[in-house]
Structures are given as C-alpha cells and as structure tokens.
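Heads up: the structure comes next, in structure tokens.
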Amino acid sequence: MKTIDELLSEGVAGKRVFVRADLNVPLDGTTITDDGRIRAVLPTVKALADAGARVIVASHLGRPKGAPDPAFSLAPAAARLGELLGTDVRFATDTVGESARSTVAALADGQVAVVENLRFNAGETSKDDAERGAFADQLAALADLYIGDGFGAVHRKHASVYDLPARLPHAAGYLIAKEVAVLKKLTEDLQRPYVVALGGAKVSDKLAVIDQLLGRADRILIGGGMAYTFLKAKGYEVGSSLLQEDQLAAVQEYLERAEKTGVELVVPVDALSATEFPDLKTKAPAHPTTVAADAIPADQMGLDIGPETRKLYASKLADAATVFWNGPMGVFEHPDYAEGTKAVAQALVESKGFTVVGGGDSAAAVRTLGFDETAFGHISTGGGASLEYLEGKTLPGLAALED
C-alpha cells in the first residue's frame with residue numbers, strides 16, 4: 001500500500017488531490033457535537049496543502065436517500081475544518097455538478113475545498129457496478145491523485161471508497177496508515193493477556209467478531225444492551241431488557257465454546273434497572289435500582305452494568321497487555337447510566353497495556369465523558385470497519401489502495 005509520504009516525495013504542488021475523508025460527525029441541527037473525525041484527517045489535509053496541492057475533501061454524512069437533503073449537508077463540517085486548519089475552506093454545494101467543478105477550478109496551490117455529501121448521489125452507494133462506476137468517473141474528473149483517509153468507510157464498497165482509487169494514482173493517508181498499524185497489533189503482533197470489552201445495543205452486531213475472538217482473546221467482557229441476551233442464554237430472567245431471542249442459540253454456543261477453550265467470557269453480575277427508558281433530552285433523574293443480574297424484575301429493564309460488575313470488569317482489565325473496547329456498557333448519554341462506561345474507560349486509562357477504543361459510540365463516550373484522549377493508546381474513527389477487520393474480512397476500501 002503506497003503511503004502519502006511516498007506521494008509527497010514525488011511532488012504534489014499544483015496537483016488536484018482528492019481526499020476521501022470521514023467527516024460523518026454527529027450533528028444537533030447544524031451544530032457539531034463531536035469533531036473527532038474532522039480532527040483525525042487534519043494531518044493528511046495539512047500536509048497536502050503545505051506541499052502546494054489543491055486539496056478536494058469529500059465524505060458522506062448520515063444516510064440520505066441518494067438525493068440532496070439539507071439535514072445531511074457537509075457545510076458545518078467544512079466550516080469546522082476551516083477553523084481547525086486556520087484557513088478559508090471553500091465549499092461546493094454539490095458533489096460533481098457546476099458548483100464542484102467551479103470550486104475546484106478556482107483553487108490555488110495550497111488551498112482546500114470540501115464538496116457536498118457524496119451520498120446525495122445515488123451512484124455512491126449503488127450495488128450496480130455500472131452506476132457506481134459512472135459516478136466514480138465523474139469524481140475522477142475533478143482530480144489528478146487520490147488519497148484514501150476515511151477509515152470509517154473502508155468496509156463499504158462505495159464509489160468514492162472502492163471504484164475511484166482504480167481510476168487515479170492513489171495512496172493511503174496518515175489516518176488509514178495509523179488505523180491499519182493498530183489493527184495489526186490486535187491480530188498479528190498481539191501481546192497477552194488480550195482482553196476485549198464489548199458493549200452496545202445488539203448482540204447480532206457483534207456475533208461475527210465474538211466468533212473470531214473466541215480463538216484469539218484471553219478474556220471477553222460483555223456489557224451494554226447485548227448483555228441481556230447473554231444473561232437470558234444463561235437462564236436468567238431479564239425483565240423487559242433489550243433481548244434478541246433469535247440470537248439465543250448462537251450465544252449459548254459461544255458460552256459453551258468459551259468454557260471448552262478456556263476463554264473467560266464474563267457477563268454482568270448486577271445491573272442498574274428501571275421501569276422505563278430515560279429521557280435523553282431533558283436528562284431528568286431516572287432513579288435506577290441496583291439489582292442482581294439474575295433477578296431483574298419483570299417490569300424493569302437493565303440500562304447499565306451495576307457497581308459490582310464495574311469492579312469486576314476493572315479487575316479483569318488490570319493486568320491486560322492489550323485491550324480492545326467497542327461499545328458502551330449502558331445508556332451513557334444519561335448521567336444516571338454512565339458509570340459503567342466510565343468505569344471501563346477509567347480502567348483503560350489506568351492500564352499499562354496497549355489500549356484501543358474501537359470507534360463508534362465508544363469513541364463518542366470517551367469524549368462526552370471528559371476523558372483525555374491521549375490517555376488511550378488509540379481511539380479509532382471507524383467502529384464498523386474495526387470490527388470487520390478483526391472478523392478477518394477483506395475491507396473494500398483497503399483492498400482498493402493496494403497496488
């Protein structure tokens with residue numbers, strides 16, 4: 001895989017460089033609530049601009065239906081990118097139309113532009129190779145070189161991720177190079193004990209990675225909404241907690257396999273429960289009850305791991321040489337259910353091992369809860385991409401960057 005440093009050494013001054021970034025930031029209206037993904041691409045954009053390239057930054061945001069939707073405009077991300085770079089960043093109000101063409105044509109050496117949301121064009125996500133390829137042709141007409149640096153999208157076979165690199169000389173940006181190096185530490189250069197903490201809502205989202213980890217990890221700690229399917233599989237009553245009954249057989253098989261292979265698969269011993277889901281807008285007090293994990297009342301739902309589980313998980317993380325964490329332990333967006341996620345994050349901060357926060361809600365939680373990002377070994381920008389890499393899948397966006 002060619003790197004951006006190799007491209008820079010060949011000279012990029014005056015050349016139009018298309019940077020496929022991941023500016024898929026959370027928005028409250030037009031206000032960015034977490035700019036981590038924008039900051040992650042800064043080293044690549046700045047290096048190109050400083051070398052005299054005419055930089056065209058492109059990304060998706062959200063899931064528009066292949067047509068323009070103001071709610072998913074990249075205009076706020078473009079403005080924030082300009083603030084972080086300390087320079088004017090131009091914004092094209094379309095992706096491959098007149099605004100994009102004129103905006104790119106007006107760029108001087110060292111200047112940066114952002115084009116509108118790639119997913120406003122049906123060709124970006126089309127499953128039809130010809131339609132996707134036609135859109136990639138239009139994107140290619142804007143640029144001379146391609147840099148892939150949107151790690152959060154490399155598991156997607158989309159036009160700007162998979163088809164466009166085949167049409168232009170290409171290289172990996174600094175972010176993708178860093179993400180791949182970290183993931184290799186979790187797969188090829190593993191230091192033990194290797195402890196994985198998995199949370200999030202649905203166990204179905206994590207089945208494939210658990211399957212792989214049962215042959216690799218020393219311990220797997222389960223939290224979040226997915227924990228209640230594990231507890232049910234152990235024969236416990238889980239009340240009205242989130243439950244995927246169609247996954248019970250798979251989870252039971254994993255519990256049995258973990259026991260046979262000596263992998264510690266650890267589930268909560270207690271939980272914070274309540275009769276209803278908390279109000280995440282007003283953050284009104286929820287008044288949860290602490291209950292044993294095998295005794296959640298029929299009219300209550302588990303919404304976070306309890307205090308004994310927090311202590312247990314911290315102890316299971318204490319001696320780890322390598323930690324991978326993906327998914328919050330509870331509804332961390334509400335202060336009454338944030339302590340489980342805080343406890344896992346704090347255990348990673350105190351760890352002497354190499355710690356990886358696997359993107360998505362885990363990365364958002366770390367920032368939302370006020371942790372110093374530099375206290376972790378690495379905070380990934382791509383939750384889904386990280387998981388699929390650990391599952392052993394070929395990621396289209398990485399394959400496209402290979403020569």
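FYI, side chains are in, hydrogens and waters are out, and symmetry mates aren't considered; it's all heavy atoms of this structure.
Heavy-atom neighbours of Tyr162 OH from other residues, nucleotides or ligands within 6.0 Å: at or below the threshold of 12. Under a cut-off of 6.0 angstrom, the local environment of CD in Glu245 is sparse, with at most 12 non-hydrogen atoms contributed by other residues, nucleotides or ligands. Within 6.0 Å of the CD atom in Glu259, the count of heavy atoms belonging to other residues, nucleotides or ligands does not exceed 12.
Checked by atom type, the side-chain pair Asp299/Thr275 shows no donor-acceptor distance below 3.5 Å. Counting only N and O atoms by type, the side chains of Glu333 and Thr368 include no donor and acceptor under 3.5 Å apart. Side-chain contact of Thr3 with Asp5: a donor-acceptor pair under 3.5 Å is absent, judged by distance alone. Under 3.5 Å, the side chains of Gln300 and Ser240 contain no donor-acceptor pair of N or O atoms. Judged purely by distance below 3.5 Å, without hydrogens or angles, the side chains of Gln346 and Glu350 pair a donor atom with an acceptor atom.
Partner Leu139 forms a side-chain contact (heavy atoms from CB on, under 4.5 Å) with one of Val115, Leu164, Leu168 and no other, that one being Leu164.
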Test side-chain contact (heavy atoms from CB on, under 4.5 Å) on Glu116 and Thr93 and set out the steps. CA-CA 5 Å; Glu116 187 54 285; Thr93 56; 5.7 Å; no
Run Asn326 and Phe324 through side-chain contact (heavy atoms from CB on, under 4.5 Å) and show every step you take. CA-CA 7 Å; Asn326 180 277; Phe324 175 74; 3.8 Å; yes
Applying side-chain contact (heavy atoms from CB on, under 4.5 Å) to Leu401 and Val154, what does each step give before you reach the verdict? CA-CA 10 Å; Leu401 294 175; Val154 293; 5.8 Å; no
I'd like to know whether Glu253 forms a salt bridge (charged side-chain N to carboxylate O under 4.0 Å, His left out) with Arg257, so could you lay out the CA-CA distance, the side-chain angles of the two residues, the decisive distance to 0.1 Å, and finally the verdict. CA-CA 6 Å; Glu253 192 272 324; Arg257 200 195 325 166; 3.4 Å; yes
Could you walk me through whether Asp128 and Ser126 pass the side-chain hydrogen bond (donor to acceptor under 3.5 Å, both in side chains) check? CA-CA 5 Å; Asp128 181 82; Ser126 176; 5.0 Å; no
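Between Phe376 and Phe371, the angle of the ring planes goes over 60°, which puts this pair in the perpendicular group of the 30/60° scheme.
We find the NZ-NE2 distance between Lys178 and His378 to be 6.0 Å, quoted to the nearest 0.5 Å. To the nearest 0.5 Å, the span separating CG on Asp246 from OG on Ser204 amounts to 7.0 Å. Here the CD1 atom belonging to Ile296 is positioned 11.5 Å from the OG1 atom belonging to Thr289, to the nearest 0.5 angstrom. In this structure, the separation between OH on Tyr174 and CD1 on Ile4 is 5.0 Å, given to the nearest 0.5 Å. Between Lys232 atom NZ and Leu248 atom CG the span is 7.5 Å, to the nearest 0.5 Å. Put simply, OG1 on Thr125 and CG on Leu118 are 10.5 Å apart, with the number rounded to the nearest 0.5 Å.
Ionic pairing of Asp205 and Lys202 is not present here: no N-O contact between side-chain nitrogen and carboxylate oxygen is shorter than 4.0 angstrom. Using a 4.0 Å cut-off between charged nitrogen and carboxylate oxygen, Glu264 and Lys316 count as a salt-bridge pair. Salt bridge status for Lys15 with Asp144: absent, with no side-chain N to carboxylate O gap under 4.0 Å. The residues Arg101 and Asp94 are annotated as not salt-bridged, no charged nitrogen and carboxylate oxygen being separated by less than 4.0 angstrom. Taking 4.0 Å as the cut-off between side-chain N and carboxylate O, Glu388 and Arg156 do not count as a salt-bridged pair. Looking at Glu10 and Lys2, a side-chain N of the basic residue comes within less than 4.0 Å of a carboxylate O on the acidic one, giving a salt bridge.
The two residues Ala40 and Thr381 come nearest to each other via the heavy atoms CB-CG2, 3.6 Å. Of all non-hydrogen atoms in Met329 and Gly223, the two that sit nearest each other are SD-CA, 3.7 Å. Of all non-hydrogen atoms in Asp279 and His334, the two that sit nearest each other are O-CD2, 3.6 Å. Of all heavy-atom pairs spanning Asp109 and Gly52, the tightest one is CB-O, 3.4 Å. When all heavy atoms of Ala286 and Asp336 are compared, the closest pair comes out as N-OD2, 2.7 Å.
Judged by distance alone, the side chain of Glu391 and the main-chain N or O of Gln212 form no donor-acceptor pair under 3.5 Å. For the pair Tyr228 (side chain) and Glu237 (backbone), a donor-acceptor distance under 3.5 Å is absent. Between the side chain of Thr309 and the backbone N or O of Ile305, no donor-acceptor pair lies under 3.5 Å. With Arg37 contributing its side chain and Asn24 its backbone, the two residues share a donor-acceptor pair below 3.5 Å. No donor-acceptor pair closer than 3.5 Å links the side chain of Ser73 to the backbone N or O of Pro70. The backbone N or O of Gly382 sits less than 3.5 Å from a side-chain atom of Ser386, completing a donor-acceptor pair. Between the side chain of Thr341 and the backbone N or O of Phe332 there is no donor-acceptor pair closer than 3.5 Å. Judged by distance alone, with hydrogens and angles left aside, the side-chain atoms of Thr229 form a donor-acceptor pair with the main-chain N or O of Gln244 at under 3.5 Å. Between the Ser380 side chain and the Val357 main chain, no donor and acceptor come within less than 3.5 Å of each other. Between the Asn121 side chain and the Gly123 main chain, no donor and acceptor come within less than 3.5 Å of each other.
Counting heavy atoms from C-beta outward, Asp22 and Val41 have side chains that stay 4.5 Å or more apart. In this structure, the side chains of Met226 and Ile210 come closer than 4.5 Å at one or more pairs of heavy atoms. Contact annotation: the side chain of Tyr337 approaches that of Pro278 to within less than 4.5 Å [non-hydrogen atoms, C-beta and beyond]. Two residues are said to be in side-chain contact when any heavy atoms from C-beta on lie closer than 4.5 Å; Val17 and Arg54 fail this criterion. For the pair Pro43 and Leu175, the minimum side-chain heavy-atom distance is 4.5 Å or more. Under the 4.5 Å side-chain criterion, counting only non-hydrogen atoms from C-beta, Leu398 is in contact with Ile176. Counting heavy atoms from C-beta outward, Ile147 and Leu48 have side chains that approach closer than 4.5 Å. Inter-residue side-chain proximity for Asp211 and Tyr254 is flagged as met; some heavy-atom pair is nearer than 4.5 Å.
Judged by a 6.0 Å distance limit and a 45° cone about the ring axis, Lys185 is positioned over the six-membered ring of Phe354.
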Donor-acceptor pairs under 3.5 Å, side chain of residues 188-196 to any protein atom, not counting sequence neighbours: which ones?
residue	atom	partner	partner atom	Å
Arg192	NH1	Arg216	O	2.7
Arg192	NH1	Asp218	OD1	3.3
Arg192	NH1	Asp218	OD2	3.1
Arg192	NH2	Arg216	O	2.8

Which atom pairs, donor and acceptor, lie under 3.5 Å between side-chain atoms of residues 55-68 and protein residues at least two apart or in another chain?
residue	atom	partner	partner atom	Å
Ser59	OG	Leu23	N	2.7
His60	ND1	Arg20	NH1	3.3
His60	ND1	Arg20	NH2	3.2

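The salt bridge (Lys or Arg N to Asp or Glu O under 4.0 Å) pairs that include a residue from residues 76-93 are Asp35-Arg80, Arg80-Glu83, where partners are two or more places apart or lie in different chains.
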